[in-house]
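Computed from heavy atoms alone, side chains included, the values below leave out hydrogens, waters and symmetry copies. Residue numbers begin at 1 in each chain, while the letters A, B, ... track the order of the sequences. Keep in mind it's a predicted model, so treat the numbers as computed, not measured.
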Amino acid sequence: MRKRRLEDKIIGKVYRMETQRTFTFITTRIILFLVSASFILLFLSALIDILAEQGSFDLFDFIGPDFEVVTRYLPDNLILFWAETPKFILFILTLAIIGFIYLMAKIIKNYRMLKNKFVSIYKFYNKKT
Amino acid sequence: MRSLSDYEAIKKIKAGEIDHFSFIVKKYTPPIHRYVNSKLYNKLEVDDLVQNCFISFYKAIPNFDGSRPVLPYLYEIAKNELKMYYRSHKLTLPLKEEIVAAEAPPEVVFDQSILNALNAKDKNILLALSEGYSYEEISEKNKIPINTLKSKVRRARIKLKLKTRI
């Protein structure tokens, strides 16, 4: 009887710890996800605004059905477009996108494990009540 | 229901099915409890230590090689937990007040006449040091190099020591 109580105590403690860990993990991931998504949105809209104000998108007006014209002007216009792009904003945007992709990959990789943990935690607390 | 092997249970726990940890707990609690109980003089702490062992094991599961046997690993954890316990609960013997009072060293009364064994200069230097002056201040005041002053102090102290022994 005493041994059984000890086992229950150990399992209860492990579940409490795991619940805390899982919820901390989920909360931090959600916060990071929201932060990186809002960064992407903010810097992407800023970049598009700046490029539109500069008229940089006009550099691609030549793109049409004529393939020869496209192959002739595209390299030069791409170089010009790159030169006109605000580098700092582009750098931050790239970082935010990399972070976002990394986060998504992590969540997808751990999805099964997280789901199993949720099921186990739910079963444990449901059985208790 | 088919009983699980340790390897399968560990694999499932790693995959997030933490309810399989109860299988490990139920299987290994009796031997670990016996082991800790045999090593611990304070029987009230046995349960806590066993709990700590299993929690440490649970934390180590992501890095645990499932093909290895679980029990020796648990014993090793229990051993470390016991070490930590004994380190934090070192046995101390409080001294009785009467014994402390009886064994207290007698108060030392400094006999000023011992200083008469020194010459006036050395006597002044030692008195200045005892009053809290630094070596730099004394060397400046007496206009002697600091190393000479240190030698003088050392020689004077040896002289005094010899005098007090006699």
Side-chain angles (χ1 to χ4, degrees), chain A residues 1-37 95 98-129, chain B residues 1 3-4 6 8-40 42-64 66 70-71 73-75 77-78 81 85:
Chain A
M1 182 67 192
R2 198 167 152 246
K3 287 258 163 68
R4 190 168 168 76
R5 230 177 39 220
L6 175 63
E7 285 164 9
D8 289 343
K9 253 166 116 180
I10 294 168
I11 292 163
K13 224 172 179 179
V14 166
Y15 268 100
R16 264 199 303 281
M17 190 185 75
E18 195 50 66
T19 312
Q20 206 177 14
R21 270 164 79 175
T22 309
F23 279 98
T24 314
F25 180 84
I26 300 280
T27 318
T28 50
R29 289 305 178 279
I30 287 171
I31 291 168
L32 285 175
F33 182 85
L34 289 176
V35 167
S36 57
L95 280 186
I98 290 170
F100 187 77
I101 292 168
Y102 175 77
L103 211 65
M104 287 302 285
K106 272 263 180 197
I107 289 170
I108 291 166
K109 194 184 153 204
N110 292 327
Y111 176 74
R112 250 177 77 91
M113 196 182 79
L114 276 175
K115 192 192 78 185
N116 288 339
K117 272 186 187 176
F118 266 125
V119 172
S120 297
I121 289 166
Y122 175 76
K123 273 196 309 200
F124 177 73
Y125 284 109
N126 210 32
K127 191 175 73 185
K128 257 182 131 179
T129 52
Chain B
M1 197 180 115
S3 68
L4 281 172
D6 287 355
E8 284 171 316
I10 296 286
K11 211 174 151 188
K12 281 184 189 277
I13 296 165
K14 276 185 183 177
E17 293 176 45
I18 47 177
D19 34 355
H20 286 91
F21 192 67
S22 56
F23 165 77
I24 301 280
V25 171
K26 276 179 185 133
K27 189 172 174 186
Y28 294 112
T29 299
I32 296 299
H33 192 273
R34 263 198 309 276
Y35 176 71
V36 175
N37 198 31
S38 69
K39 298 281 180 190
L40 209 62
N42 187 358
K43 303 298 175 202
L44 295 170
E45 305 267 9
V46 175
D47 285 5
D48 284 346
L49 240 80
V50 174
Q51 272 186 51
N52 289 349
C53 290
F54 279 98
I55 285 162
S56 300
F57 178 61
Y58 181 78
K59 282 180 185 166
I61 279 181
N63 306 318
F64 181 70
V70 173
L71 194 59
Y73 196 78
L74 274 170
Y75 275 132
I77 292 174
E81 286 289 335
Y85 173 80

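B:Lys12 does not touch chain A: none of its heavy atoms, backbone or side chain, sits under 4.5 Å away.
For B:Lys27, the NZ atom is densely surrounded, since the number of other residues' heavy atoms within 6.0 Å is greater than 12.
We find that B:Asp47 and A:Lys9 are not joined by a salt bridge, their nearest charged nitrogen and carboxylate oxygen being 4.0 Å or further apart.
To the nearest 0.5 Å, atom CD1 of residue B:Ile55 and atom CZ of residue A:Arg16 are 8.5 Å apart. Rounding to the nearest 0.5 Å gives a distance of 12.5 Å between CZ of B:Phe57 and CD1 of A:Ile10.
A heavy-atom distance below 4.5 Å is found between the side chains of B:Val50 and A:Leu6. Looking only at side-chain heavy atoms (C-beta outward), A:Tyr15 and B:Asp19 come within less than 4.5 Å of each other. Two residues are said to be in side-chain contact when any heavy atoms from C-beta on lie closer than 4.5 Å; A:Glu7 and B:His33 fail this criterion. For the pair B:Tyr58/A:Glu18, a side-chain contact is recorded, criterion being any heavy-atom separation below 4.5 Å from C-beta on.
Contacts of residues 26-34 of chain A with chain B at a heavy-atom distance below 4.5 Å are absent; not one residue qualifies. Residues of residues 111-121 of chain A lying within less than 4.5 angstrom of chain B, judged on heavy atoms, are A:Arg112, A:Met113, A:Asn116, A:Lys117, A:Ser120, A:Ile121 in numerical order.
Looking at residues two or more places apart in sequence or on another chain, you find a side chain to side chain contact (heavy atoms under 4.5 Å, CB included) between A:Leu95 and A:Phe91. With sequence neighbours left out, the side chain to side chain contact (heavy atoms under 4.5 Å, CB included) criterion links B:Lys39 to B:Tyr35, B:Leu82.
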